[in-house]
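Report on the structure given below.
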Amino acid sequence: MKHTISVLLQNKPGVLSRVTGLFSGRGFNIESLSVAQTLETGISCLTLVTSGDDAIVEQITKQLHKLIDVIKVTDMSETEYVEREMVLIRVKAEANTRAEVLRVIDIFRGKVVDVSSKSYAVEVTGTADKIRAVIDILRPIGIQEIIKTGLIAMSRAKKQ
Amino acid sequence: MKVTGAQALMKCIREQNVEVVFGFPGGAVIDIYDELLKNEDITHVLVRHEQAAVHAADAYARVKGEVGVALVTSGPGATNTVTGIASAYCDSIPIVVFTGQVPTPLIGNDAFQEVDIVGITRPCTKHNYLVKNPEDLIPTIREAFHVARTGRPGPVLVDLPKDVVAATMNFDEPKPIKMRTYRPTYEPHPGQIEKACKAILKAKKPVIYAGGGVIAANAHEELTELARNLGMPVTMTLMGLGGFPGTDPLSMGMLGMHGTYYSNMAVANSDLLIAVGARFDDRVTGRIDAFAPHAKIIHIDIDPTSISKNVDVDIPIVADCRHALYFINSWFKRKKDFDRDAVVASHQAWHESIKEWKREHPLGYIEETDVIKPQFVVQKLHELTKGDAIITTEVGQNQMWAAQFYHFNHPRAFMTSGGLGVMGYGFPAAIGAQMAARDRTVIDIAGDGSIQMNIQELATARQYKCPVKIAILNNGYLGMVRQWQELFYDKKYAHTGLETAPDFVKLAEAYGAVGLRATKPSEVEPVIKEALATDNIVIMDFVIAREEGVYPMVPAGKATTEMLLV
Ligand SMILES: Cc1ncc(C[n+]2csc(CCOP(=O)(O)OP(=O)(O)O)c2C)c(N)n1
Ligand SMILES: [Mg+2]
């Protein structure tokens, strides 16, 4: 099963390689990974998507927590959370398909961010499912390139 | 107060109760060595290979229960430490390794003797640091010692660029260290203690399975109290030997691949397994689904990642072993209706079964009159040192015979490279142990193969007047590998013969040590007696039965009940 794990860590040199080294050294999967600064200086948040049975995911979270630079590890899959991913897609857009591409992008609330005579580059943001769906729909038209950010996730605020 | 980086390093090392540093100089640490010369309260032991410095620091830490320190130069000095660091990591031994580094402006330029040692050792240290700014130096050194000794102990490496060491900085008195990201759990959860105690009361066939964590946490007294109070048999891992008195009637000795028949049978038939500071290593469990199949499992460990890693645990207790055992013992003391005699009596049938297994297959070997049996040598060493020596080992058959036949009654008396299994560990470790305990007898039980991996340390032992004794169980083979070839590879002894070997007696003499040889069983005792009476390093070359095997043996991947026996 897929798990989205959120890791709060001190932004020290080499910290990313401690995390990735842990995954490669112990044979765990990383399906996607994204990392950036948080509000607090010196503290970063890393979101990674991994897969494995419960025992493996338990080991992953414990091993991450054991890293000295790691402050907090949350398996988002155990909580209510929102997830987003952004994708940039360069899709063929010639006279006969331009309108079709624009319609699809509109439905997915995406944007065109680069235009040439033969293609559009479009940006779409959403859950992993939504990103998969837009890619599936654009594929028959002719996708030339895809760049994804990797998933990011945030717990939902507690309802009062 | 203003100090240089090198001065700060000396002061920080002294703060930690460390009196001995094992090291080897070079260009990148020359300023530190210059300072070391002025410091009379730190003894520097000049090893002859950096790997030895780390093994010596490892054993020093084990004997003293403090942090061991090694100091080496950049580049090759640093890379030579990797095996020692990896060994200390596997065995959870607190050491701090200081490596020199090229000056910060040169880092990343492929400078002379530059190597990314922080990158290289990331997976085999508990944590490591490259100090880039002088103002970070003192806090980093203090944090390094803190991380090494607390929680599950382990090696920490601090990489020191030459310009950082030469810079001046403010020296402040140490303050208690609080780290936001690192707070090991020492206190057990009371609910889990209660559950464990109730399970213990219910058990009819309990076994205590004690590992190196008992020794690391100084929990041997609490463990002994628990076992004796409730009359529960104890088996130990290689790392746990000495955590419970080996000659106590409740001791079943070691378990696992070369454990005793009765330990393995007891674990396989137990209804409750109390794992204390042990990690269910594959050499202990054998085929995992056949390990303690009928037992409820209590697991006490300070490292949450150890729990339910290999074997599902019923009652996990994340805590320092000593604290957890203390709370368990107190629970029984507080319990008003606790009928100790009834509990002990309820284990009677269990003790009978264990006795029966012991009768069927005691730990033993076939005695011979004309060739020396290695087990006999270890038994004699035990007898003639009254079980009171500090024993280090190399790796292979020698290590297993030492573990089986030297019955350790005290913790911190047995040093072996358990998790990594490093040939060449034992002799430098013996030097480290002797530096930590100048008046103890220290013996390296060695193989003829392993001893050659760090034999150069004879010079170190001489220089620092460490009268360690080396007992080579000389079978002319890389014996443990030969044993596997004998059993599983049709006796095809591929590259395990060591016919070309030095004359160990002459070799000892070349270094100013004493060499003695025994070729007949009758010579064993006189040789040991002479060695023990000699105030110098002695190599005892015991020419033993060449193809003697270590038994019992659980073939790799088999259930621990499928033992090959003598
Ligand atoms: C550095 C290293 N290299 C290789 C091995 C693999 N190995 C394990 S035991 C052994 C044989 C050791 O021979 P010796 O020291 O003579 O001990 P014996 O088994 O004969 O007692 C070898 C080669 C090892 N453990 N460590
Ligand atoms: Mg040998």
Side-chain angles (χ1 to χ4, degrees), chain A residues 1 3 5-30 33 35-48 50 52-75 77-78, chain B residues 86 89 92 101 104 107-108 116-133 136 139-140 143-144 146-148 150-159 161 177 179-185 279-280 288 301-313 316 318:
Chain A
M1 203 187 105
H3 285 250
I5 295 172
S6 168
V7 186
L8 211 59
L9 37 78
Q10 273 182 325
N11 193 6
K12 297 266 179 75
V15 66
L16 204 56
S17 97
R18 290 185 203 280
V19 172
T20 54
L22 171 68
F23 276 72
S24 59
R26 291 184 182 270
F28 302 142
N29 283 319
I30 302 186
L33 182 148
V35 55
Q37 286 267 349
T38 61
L39 266 182
E40 195 179 336
T41 37
I43 307 293
S44 291
C45 182
L46 180 153
T47 311
L48 62 86
T50 183
D53 61 25
D54 288 353
I56 291 178
V57 174
E58 182 182 330
Q59 264 300 307
I60 291 175
T61 51
K62 284 174 168 178
Q63 292 286 356
L64 282 168
H65 195 75
K66 187 169 160 181
L67 294 177
I68 304 283
D69 287 333
V70 166
I71 301 170
K72 193 169 169 220
V73 181
T74 316
D75 182 354
S77 318
E78 289 173 351
Chain B
Y89 185 64
S92 306
Q101 183 54 280
T104 48
I107 290 179
D116 175 13
I117 195 63
V118 168
I120 289 172
T121 58
R122 211 170 269 138
C124 62
T125 49
K126 183 170 171 186
H127 199 52
N128 60 16
Y129 305 84
L130 165 64
V131 185
K132 280 196 169 152
N133 299 307
D136 294 337
T140 303
E143 189 175 299
H146 174 74
V147 169
T150 53
R152 177 176 177 174
V156 176
L157 180 139
V158 185
D159 203 18
I177 294 182
M179 290 168 68
R180 173 171 176 189
T181 59
Y182 169 71
R183 287 181 204 147
T185 307
R279 60 187 174 92
F280 297 83
I288 201 94
D301 205 292
I302 197 158
D303 179 1
T305 66
S306 285
I307 289 175
S308 293
K309 182 174 66 182
N310 303 337
V311 170
D312 274 340
V313 167
V318 177

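Because the structure is predicted, anything quoted here is derived from the model rather than measured. In what follows, every chain begins at residue 1, and chains take the letters A, B, ... in the order their sequences are listed.
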* Short side-chain donor-acceptor distance under 3.5 Å, B:E143 and B:Y182 -> no

* Examine whether an atom of B:R183 lies under 4.5 Å from a heavy atom of chain A, and if so say whether it belongs to the side chain, the backbone or both; otherwise answer neither. => neither

* Using side-chain contact (heavy atoms from CB on, under 4.5 Å) as the criterion, list what pairs up with A:L9, not counting sequence neighbours. => A:V7, A:V15, A:V19, A:S44, A:L46, A:V70

* **Verdict with supporting geometry, B:D159 and B:N128, side chain to side chain contact (heavy atoms under 4.5 Å, CB included)** => CA-CA 8 Å; B:D159 203 18; B:N128 60 16; over 6 Å; no

* Counting only N and O atoms by type, is there a donor-acceptor contact under 3.5 Å from the side chain of A:T50 to the main-chain atoms of A:N29? -> yes

* Can you tell me if B:D136 uses its side chain to pair, donor with acceptor, with the backbone of B:V131 under 3.5 Å? -> no

Return the minimal non-hydrogen interatomic distance between [X] and [Y], and the atom names on each side.
X: B:T104; Y: B:K132; answer: CG2-O, 3.8 Å
X: A:L8; Y: A:C45; answer: CD1-CB, 4.1 Å
X: B:P161; Y: B:L130; answer: CG-CD1, 3.9 Å

* Any residues in residues 303-311 of chain B near chain A, with a heavy-atom distance under 4.5 Å, and which are they? -> B:D303, B:P304, B:T305, B:I307, B:S308, B:K309

* Write out, in numerical order, the residues from residues 57-69 of chain A with a heavy atom short of 4.5 Å from a heavy atom in chain B. => A:E58, A:Q59, A:K62, A:Q63, A:K66, A:I68, A:D69

* Listed by chain and number, what are the side chain to side chain donor-acceptor pair (under 3.5 Å) partners of B:D301, not counting sequence neighbours? -> none

* Inter-residue atom distance A:F23.CZ - A:I30.CD1, 0.5 Å rounding -> 5.0 Å

